[in-house]
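Worksheet: the structure to be examined is printed underneath.
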2 protein chains.
Amino acid sequence: MELRDISRLLYQIKLADQRVATSFEKETGFSLTRYEMLMIVHDKGVCSQSEIQQAMKIDNAAITRHLKILEEKGYVRRERNTANHREVFVHLTDEAKHDLTSCEQDHDRSKHLITKVLSESEINQLSSLLQKLNQL
Amino acid sequence: MELRDISRLLYQIKLADQRVATSFEKETGFSLTRYEMLMIVHDKGVCSQSEIQQAMKIDNAAITRHLKILEEKGYVRRERNTANHREVFVHLTDEAKHDLTSCEQDHDRSKHLITKVLSESEINQLSSLLQKLNQL
DNA sequence: AGTCAATTGTTGACTCGTCAAATGTAAAAC
DNA sequence: GTTTTACATTTGACGAGTCAACAATTGACT
């Protein structure tokens, strides 16, 4: 495996990422990162930012900024934990829940782009390969 | 395939991209994008920026800025095409060629991280899956 | 010629991530 | 009971990409 080949492979990953993220945003109206963030908060119900950080593995600074935007849009509410004023608790608003489920439903009707180029089993393959990469 | 699952998958791609790009840079000393750019110029010998753009599929603005940096580092030289003053011809300097081959050699000795988590056949799988994604 | 359109590259304003330094709070050490 | 130390979040400066507006050059049509 030459360095040249590795560079080509990794660059393909970069391109795929860009492609896929922008197409997700076009289809759903949510940025991929913020959608993921909302879903994580949704699953946890209420959580601190560092919990989000651990789940998403991106920088805390990015979390803060996304949440600020989501708050402005009225999708999340943030309150300092009264028992520990260091942390901020985040939870979804009803509006967010509503918009997310309606987005899901819209989506169910019009299959996502990715299912047009990859079969179910290929998606599973991809997922397990990515999992290995993300162990690095 | 639920939207939630798609979001998870795409987010994994994003994470893999970030991981892999930063590890490439740490190991080689070249940013992935600029390495790829240098190799493309290397392969073509001399080329215009729009040729690079087509090969790399990133915005022209990004190309301009990377080339500016590479020029400052003494890795490429740029001259307007005398036959068509709209385009700029780019070619590598000897310094770049030298540094690139020595980087390649260093690399051959210390296998790249990716080969530690993926087998040869997994890498091929991944590559073909990415190719399909990049058709979107 | 003289205008109009297409091509090539550059620049500015924006998004999204990083790291590092700063803030504010809690807990531990003395 | 201060003074460290650690933790959670925030902010600022930066890198890398996007898009849109602009400039310069070329080529084509009348």
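- One atom, CG of Leu15(B), and another, P of dG17(C), lie 10 Å apart when rounded to the nearest Å.
- One cannot find a donor-acceptor pair under 3.5 Å joining the base of dG17(C) and the side-chain atoms of Arg19(B).
- Comparing Tyr11(A) and Gln49(A), the nucleotide of DNA chain D nearest to each residue sits closer to the 5' end for Gln49(A).
- When rounded to the nearest whole Å, the span between NZ of Lys57(A) and C1' of dG17(C) equals 17 Å.
- Separating the CG atom of Asp59(B) from the C1' atom of dG9(C) is a distance of 11 Å, rounded to the nearest angstrom.
- Between dT18(C) and Thr22(B), no contact under 4.0 Å exists linking OP1 or OP2 to a side-chain N or O.
- Comparing Asn84(B) and Ala61(B) along DNA chain D, the residue whose closest nucleotide (by nearest heavy atom) sits nearer the 5' end is Ala61(B).
- Of the side-chain N and O atoms in Arg34(A), one or more sit less than 4.0 angstrom from OP1 or OP2 of dC16(C).
- One finds a side-chain N or O of Thr64(A) lying less than 4.0 angstrom from the OP1 or OP2 phosphate oxygen of dT10(D).
- Taking every heavy atom of both residues into account, Ile13(A) and Ala16(B) meet most closely at CG2-C, 4.5 Å.
- Nearest heavy atom pair, residue Ser127(B) against residue Gln12(A), reads OG-OE1, 3.5 Å.
- Between the CG atom of Leu32(A) and the P atom of dG17(C) there is a distance of 9 Å, rounded to whole Å.
- Between Val117(B) and the options Leu133(A), Leu129(A), Asn134(A), a side chain to side chain contact (heavy atoms under 4.5 Å, CB included) holds for only Leu133(A).
- Both Arg65(A) and Arg65(B) sit near DNA chain C, but only Arg65(B) has its closest nucleotide nearer the 5' end.
- Summarising the geometry, the separation between CD1 on Ile63(B) and P on dT11(C) is reported as 15 Å, rounded to the nearest angstrom.
- A donor and an acceptor atom, one from each side chain of Arg80(A) and His85(A), are nowhere located under 3.5 Å apart.
- Distance His66(A) NE2 to dT15(C) C1': 9 Å, rounded to the nearest Å.
- The phosphate of dT7(C) has neither OP1 nor OP2 within less than 4.0 Å of any side-chain N or O from His85(B).
- Considering only residues two or more places apart in sequence or on other chains, Lys132(B) meets the salt bridge (Lys or Arg N to Asp or Glu O under 4.0 Å) condition with Glu122(A).
- Atom CD in Gln53(B) sits roughly 10 Å away from atom P in dG9(C) (whole-Å rounding).
- When the side-chain nitrogen and oxygen atoms of Gln18(A) are compared with OP1 and OP2 of dT18(D), one or more of them lie within a distance under 4.0 Å.
- For the contact set between residues 72-81 of chain B and DNA chain C, defined by any heavy atom under 4.0 Å, the members are Arg78(B), Arg80(B).
- Every residue two or more places apart in sequence or in another chain that forms a salt bridge (Lys or Arg N to Asp or Glu O under 4.0 Å) with Glu71(B) is listed here: Arg78(B).
- Between Tyr35(A) and Phe24(A), the two ring planes are perpendicular [angle over 60°; tilted spans 30° to 60°].
- The shortest distance between the side-chain N/O atoms of Lys68(A) and the OP1/OP2 oxygens of dT9(D) is not below 4.0 Å.
- Between Ser50(A) and dT9(D) there is a side-chain polar atom (N or O) within less than 4.0 angstrom of OP1 or OP2.
- With rounding to whole Å, Arg86(A) atom CZ is found 9 Å from dA28(C) atom P.
- No hydrogens or angles considered: nothing links the side chains of Gln53(A) and Asn60(A) as a donor-acceptor pair under 3.5 Å.
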